[in-house]
Protein chains: 2
Amino acid sequence: MKQNTKRSADSVPLSDVDLRLLRIFATIVNCNGFSAAQISLGMSQATISTHMRHLEERLRVRLCERGRGGFFLTDEGQKVYNACLDLFGSLDRFQTAMGDVVGELGGVLSFGTVDAMVTNPALNLDLAIAAFHRRAPRVTLEFDVATPQILSQGLLSGTYQVVLMPAPARPVNTTAQVLFHETQKLYCGRSHPLFGVADTDLTPDLLARQSFAGRTYMPRLPICGVDFDWQAASPHMEGTLILLLSGAFIGFLPEHYAATEVQSGRLRVLAADRFTFEDPFQIVYARQSPPRAAVALAQAIIANCATAQNR
Amino acid sequence: MKQNTKRSADSVPLSDVDLRLLRIFATIVNCNGFSAAQISLGMSQATISTHMRHLEERLRVRLCERGRGGFFLTDEGQKVYNACLDLFGSLDRFQTAMGDVVGELGGVLSFGTVDAMVTNPALNLDLAIAAFHRRAPRVTLEFDVATPQILSQGLLSGTYQVVLMPAPARPVNTTAQVLFHETQKLYCGRSHPLFGVADTDLTPDLLARQSFAGRTYMPRLPICGVDFDWQAASPHMEGTLILLLSGAFIGFLPEHYAATEVQSGRLRVLAADRFTFEDPFQIVYARQSPPRAAVALAQAIIANCATAQNR
DNA sequence: AGGTCATTTCGAAAAATATCTATGTTTTCA
DNA sequence: TGAAAACATAGATATTTTTCGAAATGACCT
């Protein structure tokens with residue numbers, strides 16, 4: 001018998017055995033060298049060398065330069081390495097799915113959120129995660145911080161299974177629940193010209209003339225009736241904060257996030273009553289066949305959120 | 001040496017060797033039985049049986065019932081099978097990426113389109129595919145027909161690399177080019193009350209009172225000034241066509257698609273001059289790191305489209 | 001030139017895998 | 001009840017894979 005089997009030497013590698021080579025390759029890259037990878041891989045460096053040769057033969061490409069001059073990836077090696085990480089992600093997800101089938105919560109769960117969620121007093125993310133880990137101790141939790149765009153995209157592409165993000169942009173085919181509303185107020189730094197101006201003098205017109213620092217992903221529409229003059233933008237809160245502290249810009253921050261800076265006198269609220277809006281936040285996960293661990297995490301977060309609209 | 005390595009028996013399977021088992025499993029499912037899979041797999045039924053046992057031991061779940069009573073998947077087996085198809089898709093994509101690195105166009109390329117694209121005279125999809133295959137003969141082309149929603153979602157999740165769909169809903173992080181405009185006109189079937197009515201008597205008001213069959217994914221807004229009475233919807237053209245032929249509904253179809261039915265007298269245009277609109281169609285693919293084969297296919301389609309706005 | 005470091009190559013032994021043939025077991029159907 | 005179909009199991013064997021130790025290479029430093 002045995003008609004096909006043997007992988008034709010001219011075809012690209014991939015399949016079965018080769019997967020191990022890819023894992024070895026990735027480990028070598030992480031360890032930055034063959035010798036250093038010995039411990040991680042638990043094999044002699046002679047063996048490692050052999051494996052690398054096999055992989056490079058399959059791919060017909062040199063993946064890394066090595067030797068006395070140091071270890072570094074070639075261009076192709078970099079691409080392959082990236083592709084590997086993607087692939088391993090898929091394999092993780094498969095493993096999670098497998099664990100689901102068997103009934104045990106296991107594998108890897110990727111959670112993504114926008115930044116500045118720690119200081120939020122209503123959302124007890126730490127407690128939620130503790131609770132989740134108690135309930136699903138064998139799940140490896142991957143915690144990532146990114147922009148809403150990246151998050152919703154990653155949710156669709158499977159990079160994230162659960163995501164915490166502002167509400168306006170809910171991706172299709174997902175289940176979402178609004179968790180809380182974040183109060184955003186307008187601030188400026190101590191050295192900003194408006195720092196000493198009385199609230200009553202802060203006309204929309206005056207504010208519209210100031211350099212404004214916004215969130216990169218926000219639409220540049222008028223806010224609270226003011227058509228701000230976007231002169232800077234940052235995708236995250238910390239960036240915005242620094243811009244404001246510089247004294248060159250005014251901009252919005254979540255109240256809880258700005259609180260400490262306000263107390264220390266480095267930041268000031270501008271007409272708190274007039275320039276404020278509520279940003280709704282939601283917890284989102286895939287609608288069809290979300291891993292049970294994903295649902296568990298979402299529930300843990302909802303349960304631990306003080307102001308959650310518990311349906 | 002050798003500290004970890006060995007997969008702990010209690011952990012879920014996955015890894016290296018097991019991948020082969022999954023492939024075997026999928027083949028068995030496709031063949032609907034062990035004996036039938038012998039030829040496809042090129043191994044004796046005894047061997048196949050052994051493999052299945054191994055897989056089920058790893059997963060600690062019975063995947064299928066077999067025996068004289070017939071072959072069928074258990075619930076778990078069905079889930080695993082689905083997860084497998086996902087996983088194989090990821091592996092295909094990895095292989096494509098690998099081919100890209102080496103410089104040869106290979107692997108699998110998934111193309112998705114809405115239906116009723118064959119009869120479109122401007123778009124020479126057949127020619128485009130022929131040209132693409134000449135240029136990239138080693139690429140396995142997967143051709144799928146689906147709704148715009150599914151298509152744009154699949155584009156983001158990596159299920160499709162290239163997609164042909166109506167223009168309004170372009171997903172983020174993609175490259176798109178409008179290819180052509182499809183002329184949509186209003187039709188009704190031979191047995192419909194309006195079939196004999198003169199065009200001049202077809203007032204918007206009269207049309208608004210007819211039962212209307214629309215496309216599932218279209219927003220239910222007024223079209224050409226008429227607020228149609230949605231009483232049926234289908235996600236594809238063929239469904240819409242049957243609804244119209246039934247004589248119970250009026251509805252829009254692409255002109256080229258309705259042409260044959262109009263000629264045979266089974267369909268009639270309703271006031272062609274007044275009730276018509278142009279639906280723009282676009283070719284879309286991922287913006288960052290699209291496989292080169294994807295770009296090649298997109299270009300082939302653009303090149304072969306008569307009315308393409310060649311930038 | 002000599003020494004060192006990182007890797008490569010070689011050859012052989014051990015371990016794991018894959019597969020077959022032949023023979024049971026179970027279930028269905030006549 | 002018995003034959004046939006579909007699968008399971010056992011034992012034997014061939015093949016592949018993995019790994020290591022030891023020696024070789026080759027660049028770099030002094």
Side-chain angles (χ1 to χ4, degrees), chain A residues 1-9 13-25 27-59 61-74 77, chain B residues 1-9 13-25 27-59 61-74 77:
Chain A
M1 285 281 133
K2 162 178 296 191
Q3 2 82 286
N4 51 348
T5 351
K6 290 280 60 172
R7 90 172 56 62
S8 59
L14 198 17
S15 271
D16 317 343
V17 205
D18 303 316
L19 214 105
R20 207 170 88 98
L21 295 183
L22 294 174
R23 281 232 155 78
I24 291 174
F25 169 59
T27 306
I28 295 171
V29 175
N30 292 338
C31 295
N32 211 257
F34 287 18
S35 329
Q38 281 180 99
I39 320 102
S40 296
L41 287 171
M43 55 176 84
S44 80
Q45 142 272 23
T47 309
I48 295 177
S49 173
T50 312
H51 287 318
M52 270 306 286
R53 178 157 49 87
H54 284 336
L55 181 57
E56 290 180 330
E57 272 166 14
R58 291 240 187 301
L59 287 168
V61 168
R62 189 161 183 83
L63 296 174
C64 56
E65 294 304 332
R66 56 265 200 183
R68 193 69 177 75
F71 175 93
F72 55 93
L73 289 172
T74 61
Chain B
M1 286 282 132
K2 164 176 295 190
Q3 2 82 282
N4 50 345
T5 354
K6 290 283 61 173
R7 91 171 56 63
S8 58
L14 197 19
S15 271
D16 319 343
V17 205
D18 303 315
L19 216 107
R20 195 167 168 265
L21 294 182
L22 294 174
R23 281 232 154 78
I24 291 174
F25 170 58
T27 306
I28 294 172
V29 174
N30 292 338
C31 295
N32 212 258
F34 288 18
S35 326
Q38 283 180 98
I39 320 101
S40 295
L41 288 171
M43 54 177 85
S44 79
Q45 159 273 345
T47 309
I48 294 177
S49 174
T50 312
H51 286 319
M52 271 306 286
R53 179 156 48 89
H54 284 337
L55 181 57
E56 290 180 329
E57 272 167 14
R58 290 238 188 300
L59 287 169
V61 167
R62 190 161 181 83
L63 296 174
C64 55
E65 295 304 331
R66 56 265 200 183
R68 190 66 180 83
F71 176 93
F72 55 92
L73 289 173
T74 62

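Order of the sequence lines fixes the chain letters, A, B, ..., with proteins taken first and strands second; residue numbering starts at 1 for each chain.
Between the CD atom of B:Glu56 and the P atom of D:dC7 there is a distance of 12 Å, rounded to whole Å. Note: CG (A:Leu55) to C1' (D:dT17) measures 16 Å, nearest angstrom. Straight-line distance from the CD atom of A:Glu65 to the P atom of C:dT7: 12 Å, rounded to whole Å. Taking atom CE on B:Met43 and atom P on D:dT15, their separation rounds to 17 Å, with Å as the unit. Between the P atom of D:dC7 and the CD1 atom of B:Ile24 lies a distance of 15 Å, rounded to the nearest Å. If you measure from atom CZ of A:Arg62 to atom P of C:dT8, you get 7 Å, rounded to the nearest angstrom. Protein atom CD of A:Gln38 is 10 Å distant from nucleotide atom P of C:dA6, rounded to whole Å. Computed from coordinates, the B:Leu21 CG to C:dA16 P distance equals 17 Å when rounded to whole Å.
Taking side-chain N and O atoms only, A:Arg53 has a distance below 4.0 Å to OP1 or OP2 of C:dT9. The phosphate of C:dA18 (OP1 or OP2) has a side-chain N or O of B:Arg20 nearer than 4.0 angstrom. Neither OP1 nor OP2 of D:dT18 sits under 4.0 Å from any side-chain N or O of A:His54. OP1 and OP2 of D:dT19 both lie 4.0 Å or more from every side-chain N or O belonging to A:Thr47.
One distance of note links CZ of A:Arg20 with NE2 of A:His54; it measures 10.0 Å at 0.5 Å rounding. To the nearest 0.5 Å, the span separating CZ on B:Phe25 from CG on B:Asn30 amounts to 9.5 Å. Here the straight-line distance linking atom OG1 of B:Thr50 with atom CG of B:Leu55 works out to 12.5 Å at 0.5 Å rounding. Rounded to the nearest 0.5 Å, atoms CD (B:Gln38) and CD1 (B:Ile28) are 10.5 Å apart. The OG1 atom of B:Thr27 lies 13.0 Å from the CG atom of B:Asn32; values are rounded to the nearest 0.5 Å. Put simply, CZ on A:Arg53 and NE2 on A:His51 are 11.0 Å apart, with the number rounded to the nearest 0.5 Å.
For B:Ser44, the listed nucleotide lying nearest its side chain is C:dT21; candidates were D:dT19, C:dT21, C:dT9. Relative to the side chain of B:Arg66, the nucleotides C:dT9, D:dC7, C:dT19 differ in distance, and D:dC7 lies closest.
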Annotated protein contacts, base or backbone, on nucleotides 22-30 of chain D with a non-hydrogen cut-off under 4.0 Å, one of B, S, - each: B-----S--
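Taking every heavy atom of both residues into account, A:Cys64 and A:Phe71 meet most closely at SG-CE1, 3.5 Å. Listed here is the closest heavy atom pair of A:Ser40 and A:Cys31: OG-SG, 3.4 Å. Scanning both residues, B:Leu63 and B:Glu56, for their nearest heavy atoms gives N-OE2, 2.9 Å.
Interface residues of residues 28-36 of chain A facing DNA chain D, ordered by number: none; criterion, heavy-atom separation under 4.0 Å.
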